[in-house]
Amino acid sequence: MRKSLSEYKKIIGVDIETTDGKGKGSLDPFTGKIALIQIAHSNKNIELLRLNRETYRYIKDLLEDPEVLKIGHNFKFDMKFFIKENIYPTEIFDTMIASEIYYAGAGVDYVSEVVEAIKKDYERADEVLFEEYLSTMRKRTKGTRFQHNLQAVLKRELNIFISKEMQTSDWSKELTPAQQEYAKSDVKYLEQLAFALWKKLKDKNLENIFFLETQLMEVLVFMELTGVKISREIWEKRLKETERKMLELEKELKLEIYRNYVKKNDNVGLFSDLEEELARNINLNSALQMRKIFGSENVSKLTLEKQKDNPIIEKFLHYKQLMKEVSTYSEGYLGKLNKYGRLTSEYSQTKTATGRISSSNPNLQNVPGWFKYTISAEPNRIPVFIDYSQVELRILAYLSQDESFIESTNSEDLHSANARKVFNIPEGAPVPKDLRKKAKTVSFAIPYGTSALGLVQRGFFDTQEEAQRVIDSFYEAFPKVKTFLEENAKSASELGYTRDALGRIRVYDIPEKPKEYDKYYEEYKLIYNLVKEKEGKNIRNFLDYPTYKEFIEKSNSELISLITEDKFKAFKKIINYRMTVAAIRREGQNHPIQATSASITKTALVRLFDYLTKTNRGIITLSVHDSIFFELDKDDIISTIKVIKNIMEEAGREIIKGPTPVDVEVGKKVEILCKKCKQIYSDNQYYVDLEKDIIVDKLTQDTYNYCENCK
DNA sequence: GATGGTGGCACC
DNA sequence: AAACGGTGCCACCATC
């Protein structure tokens, strides 16, 4: 869709039902087939079509007609099935995307909850029942997250309830009247819904975001159908080795833990086989068991790393890392490899609150670094990885218009330049490594809203005072960054929304101020300080009892006499409220940055897809937030890369009005022998110089084979 | 035995 | 004055 709704000659509602060939519906475009196509020309004129010789031409022509707008709900799903049939629908209005953009970030939603609940009570699905449910739901403090399925959206926007009872029925046989009715209801209201949502999008100036997402849908469909080429051999080798190490470690660890922590008296040790037996009962994956054994608050890396000098703890941490890898990145991933040796994933373009793309089944956006070593390409192609360099910091610099920060992003080394300003290091004097690191840490932490305490807890600083000093100096050096973040925090917590550089919106559920707030706030502050002073802890921990009774019974503080039941309850409400607002402020600070980054990548993806489709020079295989993976034709690859680089950099420049340079990696990740120090190091297969038009295969020619240290 | 919540951790 | 933004998946564990 590229123009306003009313500009189309014709508008139709489209939906499909699918079959797995065994009497059930299918969610998998690779194995499933279209069983039924519903096309609504109007509320009353609805076609239910099978896809066969007689209907194929008609359906294809209609869906591919650029003068006909197709309204669908989650059309990415339908699109994949159509493409498998060589039908390439164009001009789409996706009502799910529209809803997701408009309500991005919305939390609790009663309509979704009611729709969920009412599914169990179809016979009485009338207004009275809705009201009944609604009043119950409203009394609850927590509800379901905002949902964007067709049922919830129709109910929310048009107050229409449709049944989904038939969804999983067999669509391949002759349809019952009830099935026909259901099939029609799925498309009957789509046009009306599209107009309602379009009006909402226009009200908030979200048309351009909607156009962008609509075009992106096509790119994601392609990526989902194509996937990324993987070397199963390399993956399995890696996995096997990890598994071997893990099992070895597991055996050792259990015995050592048993001996050092579990066993109370020595005499059991005389029977070594019994000892092994007992050790086997230990479950290293049980956080509960391990917490008890180590006597630790929790068994997270952060907590246990404090005892790293204990060899058993160190071993345990190593074990956990291996376990994670073996359990997560094995069959769940390799099982998805298709017959072409390609790994496919599913993407969602609008599910996230910030507009980032998410990946699932399996998630290809959170695979460990070694994943890149398994990526290859078709014989005539080369894998290419391109990512935006420091894009979030550049976004922060240009959106805030802080001259000094902008200057830093344009210098040779951003973090050194920042350190110079934060720590007042004179020009010409070298920037000490530790100061550079501190400035870097704070630059990353600030857009997340990290506090001084947070920085200490995560081990970036030794004391809260020092962390606070660096944060203060940072804001002093970059005053407009401070103003910018503060404005966004305010917009989120007071207006209830923030926008990114393209106008993408995120909404926030601002909590109602508790009635007790004004009455008790002064006293709350007093107690807050008292608790901090006398108990050395935060009031939140101090009051951390579910009931007043337990607070009185279990707390051994002298301060309890100061707190009546009324105050206890009021303080808890105040804490809760303040924490929620603080979280909204942090989200508000971060959203415009993260969302702008997402918008840049999405804009680039759309243009890149267009370029690559038209020229047939390669494909996009994956995108991980600020990076894009390609498989490009060997012929003329340098000129292709130049165009791609330019498209990506221009997309960023247009959006933030400042440079967004990219880094280019060409070729598989491989092990290479350094010519000078003779050490093996890892690098991409090809050396490429875009200025001099040079491309060299390091595996056959060693001209550029120098490791980082010897360059 | 399925389901949902939680803790933990991989990535940007 | 509270204590790091955004994801998805695993094992465990309580619950039905």
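Heavy-atom basis, side chains included; hydrogens, waters and symmetry copies ignored. Each chain gets a letter, A, B and so on, in the order the sequences are listed, and its residues count up from 1.
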Close approaches to DNA chain C from residues 572-589 of chain A, in residue order (heavy atom, under 4.0 Å) = R578(A), M579(A), R586(A), E587(A)
Provide the full list of ring pair (Phe, Tyr, Trp, His ring centres under 6.0 Å) pairs with a residue in residues 441-463 of chain A, sequence neighbours left out, each pair given once.
-> H415(A)-F444(A)
Where the side chain of S358(A) is defined as all heavy atoms beyond and including C-beta, which of dT7(C), dA3(C), dC9(C) is the nearest nucleotide?
-> dT7(C)
Can you tell me, in whole Å, how much space there is between the P of dG7(B) and that of dA3(C)?
-> 16 Å
For Y528(A), enumerate each residue passing the ring-ring contact (aromatic ring centres under 6.0 Å, His included) test, keeping only those at least two apart in sequence or located in another chain.
-> none
Can you sort out the partners of E236(A) under salt bridge (charged side-chain N to carboxylate O under 4.0 Å, His left out), two or more places apart, ordered by chain and number?
-> R232(A)
Go through the structure and list residues passing side chain to side chain donor-acceptor pair (under 3.5 Å) with K567(A), not counting sequence neighbours.
-> E523(A)
Do the side-chain N or O atoms of R506(A) get closer than 4.0 angstrom to the phosphate oxygens (OP1, OP2) of dG6(C)?
-> yes
Do the ring planes of H148(A) and Y103(A) sit parallel (below 30°), tilted (30 to 60°) or perpendicular (above 60°)?
-> tilted
Please name all residues satisfying ring-ring contact (aromatic ring centres under 6.0 Å, His included) with Y102(A), sequence neighbours left out, ordered by chain then number.
-> none
Applying side chain to side chain donor-acceptor pair (under 3.5 Å) to K668(A) and not counting sequence neighbours gives none
Listed by chain and number, what are the salt bridge (charged side-chain N to carboxylate O under 4.0 Å, His left out) partners of K80(A), not counting sequence neighbours?
-> E224(A)
Dump every N/O contact between nucleotides 10-12 of chain B and the protein below 3.5 Å, one line per pair.
unit_1: dA10(B); atom_1: OP2; unit_2: K301(A); atom_2: NZ; d: 3.1
unit_1: dA10(B); atom_1: N3; unit_2: N366(A); atom_2: ND2; d: 2.9
unit_1: dC11(B); atom_1: OP1; unit_2: G369(A); atom_2: N; d: 3.4
unit_1: dC12(B); atom_1: O3'; unit_2: D626(A); atom_2: OD1; d: 2.6
unit_1: dC12(B); atom_1: O3'; unit_2: D626(A); atom_2: OD2; d: 3.1
unit_1: dC12(B); atom_1: O2; unit_2: R356(A); atom_2: NH1; d: 2.7
unit_1: dC12(B); atom_1: O2; unit_2: R356(A); atom_2: NH2; d: 2.8

Could you tell me whether N538(A) contacts a base, only the sugar-phosphate backbone, or nothing, with contacts defined as non-hydrogen atoms closer than 4.0 Å?
-> base
